[in-house]
Amino acid sequence: MRRISLSRFLIEEQRNKNVISSDLRLLIEVVARACKSISIAIGKGALADVLGGAGSDNVQGEAQKKLDVISNEILLEANEWGGHLAAMASEEMELPHAIPNRYPKGEYLLLFDPLDGSSNIDVNVSVGTIFSVLQCPEGITPDAQAFLQAGRRQVCAGYAVYGPTTLLVLTLGDGVNIFTLDRELGSFVLTQADVKIPADTREFAINASNARYWEPPVKRYIDELLAGKDGPRGVDFNMRWVASMVADVHRILCRGGIFLYPLDSKTRAQGGKLRLMYEANPMAFIIEQAGGGATTGRTRILDIQPEKLHQRVPVILGSRNEVERVTAYHCA
Ligand code: AHM
Ligand code: MG
């Protein structure tokens with residue numbers, strides 16, 4: 001079997017399709033290398049004393065886990081010195097991280113959630129890293145304002161899932177490819193090219209403990225699914241909720257499904273639960289590139305003009321026909 005490493009894949013994309021620059025290729029390789037380091041740290045678990053809380057809160061007021069802090073540091077350090085970035089922003093930091101003056105600067109902006117689903121770390125359930133890449137507008141200081149670009153302007157997005165295997169899922173705006181970490185060689189190998197999500201599904205993912213806070217369109221949609229073959233849909237639906245967005249989205253990428261973290265009365269004041277810039281946008285880009293849909297229920301996620309770096313939004317994404325149905329219920 002011909003093995004295509006991530007490096008070879010990127011060089012061939014650059015050579016044959018001219019869709020990426022050398023700096024973007026370097027950026028992706030560096031992020032992939034950082035994800036390998038995070039995967040190693042997670043894999044050691046209690047043996048390296050990396051489980052449990054860090055004893056600090058992040059900008060969102062959430063208690064940080066040791067591995068949240070470690071993963072953030074790994075990504076910052078790996079990306080600082082290559083000359084490919086103008087600045088970085090992270091779920092774990094209030095303000096963008098400027099590239100130190102001793103290093104050259106590049107044209108890209110990198111955003112990440114260093115360890116998504118971190119409530120799952122201590123119970124050995126899949127977690128992941130989500131990232132998004134934008135271009136820094138020419139002549140603009142790479143401050144928080146420079147990051148506030150609609151998701152459709154992303155030049156690249158991806159995530160790593162640290163599960164039974166470590167995977168890297170990547171889009172450069174030309175389909176979605178999945179790479180598996182070969183732990184013996186220490187390199188990511190292309191294992192699924194041009195993934196497509198089935199348009200129909202019988203599987204949904206939502207935190208049902210929030211049911212009493214949902215808006216009527218979401219309640220109507222979920223009630224119809226729960227009614228199964230006795231209800232208006234005429235078929236039974238299955239439910240899955242990992243509580244790691246990366247793991248839930250990855251399942252949907254592989255076999256279809258719909259993921260909802262909708263607007264509800266509990267999170268209305270803050271705009272939703274999930275963060276636009278480093279959770280919703282990269283996932284929406286990947287899902288759309290795989291033929292699926294991603295909306296807030298009312299608006300296409302990739303069309304939202306961000307107002308704040310840590311802005312939160314409702315997220316409904318996955319198999320196209322189901323996303324369109326929930327969106328229609330919101331607009332009815
Ligand atoms: P995090 O980035 O702090 O880990 O929070 C985001 C996570 C998502 O991965 C997941 O979909 C959601 O929060 C789970 O929320 P809940 O605890 O309500 O099930
Ligand atoms: Mg997260």
Side-chain angles (χ1 to χ4, degrees), residues 31 33-80 88-97 110-132 144 158-168 181 205-210 213 240-251 259 261 264 266-267 269-280 282-283 308-313 315:
V31 170
R33 208 156 48 229
C35 291
K36 263 186 269 178
S37 302
I38 296 171
S39 169
I40 289 167
I42 292 171
K44 287 186 179 153
L47 298 176
D49 193 24
V50 292
L51 302 184
S56 50
D57 284 354
N58 67 10
V59 52
Q60 346 251 349
E62 298 158 343
Q64 290 177 306
K65 300 278 186 186
K66 284 184 197 167
L67 275 168
D68 282 323
V69 177
I70 294 169
S71 306
N72 195 50
E73 296 280 304
I74 289 174
L75 280 156
L76 291 178
E77 276 172 23
N79 282 286
E80 253 181 9
M88 290 178 257
S90 161
E91 176 181 330
E92 303 301 332
M93 301 180 307
E94 183 177 3
L95 299 170
H97 179 85
L110 173 65
L111 297 114
F112 45 81
D113 177 353
L115 206 55
D116 180 63
S118 49
S119 70
N120 281 319
I121 294 171
D122 297 343
V123 292
N124 203 25
V125 170
S126 296
V127 287
T129 296
I130 311 173
F131 67 94
S132 161
Y159 62 82
V161 200
Y162 312 111
T165 51
T166 289
L167 303 177
L168 182 73
L181 179 61
I206 191 164
N207 183 341
S209 70
N210 292 325
Y213 304 115
R240 287 285 181 273
W241 183 252
V242 183
S244 276
M245 191 193 198
V246 272
D248 282 313
V249 168
H250 191 67
R251 184 187 59 254
F259 170 96
Y261 218 118
D264 61 29
K266 195 168 139 190
T267 56
Q270 56 188 38
K273 155 99 180 181
L274 298 172
R275 275 56 57 111
L276 173 62
M277 301 298 295
Y278 38 80
E279 293 179 324
M283 290 312 201
K308 285 188 303 198
L309 190 55
H310 298 288
Q311 182 169 337
R312 295 178 190 251
V313 286
V315 176

Polar side-chain atom of [X] near backbone of [Y] as donor-acceptor pair, under 3.5 Å:
X	Y	answer
T129	P114	yes
H310	M93	yes
D248	A243	yes
D116	E279	no
S90	E92	yes

### Query
Going through the distances and angles, do L274 and M283 end up as a side chain to side chain contact (heavy atoms under 4.5 Å, CB included)?
CA-CA 11 Å; L274 298 172; M283 290 312 201; over 6 Å; no
Sub-4.5 Å side-chain heavy-atom contact between [X] and [Y]:
X	Y	answer
L111	L309	yes
N210	K273	no
L181	L168	no
M88	E80	yes
I42	I121	no
C35	Y162	yes
L75	I38	yes

What is the minimum heavy-atom distance between [X] and [Y], and which atoms define it?
X	Y	result
G117	V127	O-CG1, 3.2 Å
A280	V315	CB-CG2, 3.7 Å
A34	I74	O-CG2, 3.6 Å
N120	S244	ND2-OG, 2.9 Å
V246	A160	CG1-O, 4.1 Å
T166	S39	OG1-OG, 2.9 Å

### Task
Could you name each residue pair satisfying salt bridge (Lys or Arg N to Asp or Glu O under 4.0 Å) that touches residues 43-57, not counting sequence neighbours?
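Pairs touching residues 43-57 that pass the test: D49-K66.
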### Message
Filter on salt bridge (Lys or Arg N to Asp or Glu O under 4.0 Å), then keep only pairs touching residues 118-129, sequence neighbours left out; what's left?
### Response
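For residues 118-129: K65-D122.
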Rounded distance (nearest 0.5 Å) linking atom [atom1] of [X] with atom [atom2] of [Y]:
X	Y	atom1	atom2	result
N79	R33	CG	CZ	9.0 Å
E91	L115	CD	CG	9.5 Å
D113	Y278	CG	OH	7.0 Å
E77	N72	CD	CG	10.0 Å

### Query
If you draw a 6.0 Å radius around CD in E94, do more than 12 non-hydrogen atoms from other residues or ligands fall strictly inside?
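Counting other residues, nucleotides and ligands, CD of E94 stays at 12 neighbours or fewer.
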### Task
Quick one: list whatever passes ring-ring contact (aromatic ring centres under 6.0 Å, His included) with F259, sequence neighbours left out.
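Testing F259 for ring-ring contact (aromatic ring centres under 6.0 Å, His included), a comparison that skips the adjacent residues, returns W241.
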### Query
Taking only residues two or more places apart in sequence, or in another chain, which ones meet H97 in a ring-ring contact (aromatic ring centres under 6.0 Å, His included)?
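If we apply the ring-ring contact (aromatic ring centres under 6.0 Å, His included) test to H97, skipping adjacent residues, there are no hits.
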### Query
Who pairs with E62 by salt bridge (Lys or Arg N to Asp or Glu O under 4.0 Å), at least two apart in sequence or on another chain?
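Testing E62 for salt bridge (Lys or Arg N to Asp or Glu O under 4.0 Å), a comparison that skips the adjacent residues, returns R275, R312.
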#### Entry: Test side chain to side chain donor-acceptor pair (under 3.5 Å) applied to S126 - qualifying residues, sequence neighbours left out
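Applying side chain to side chain donor-acceptor pair (under 3.5 Å) to S126 gives none.
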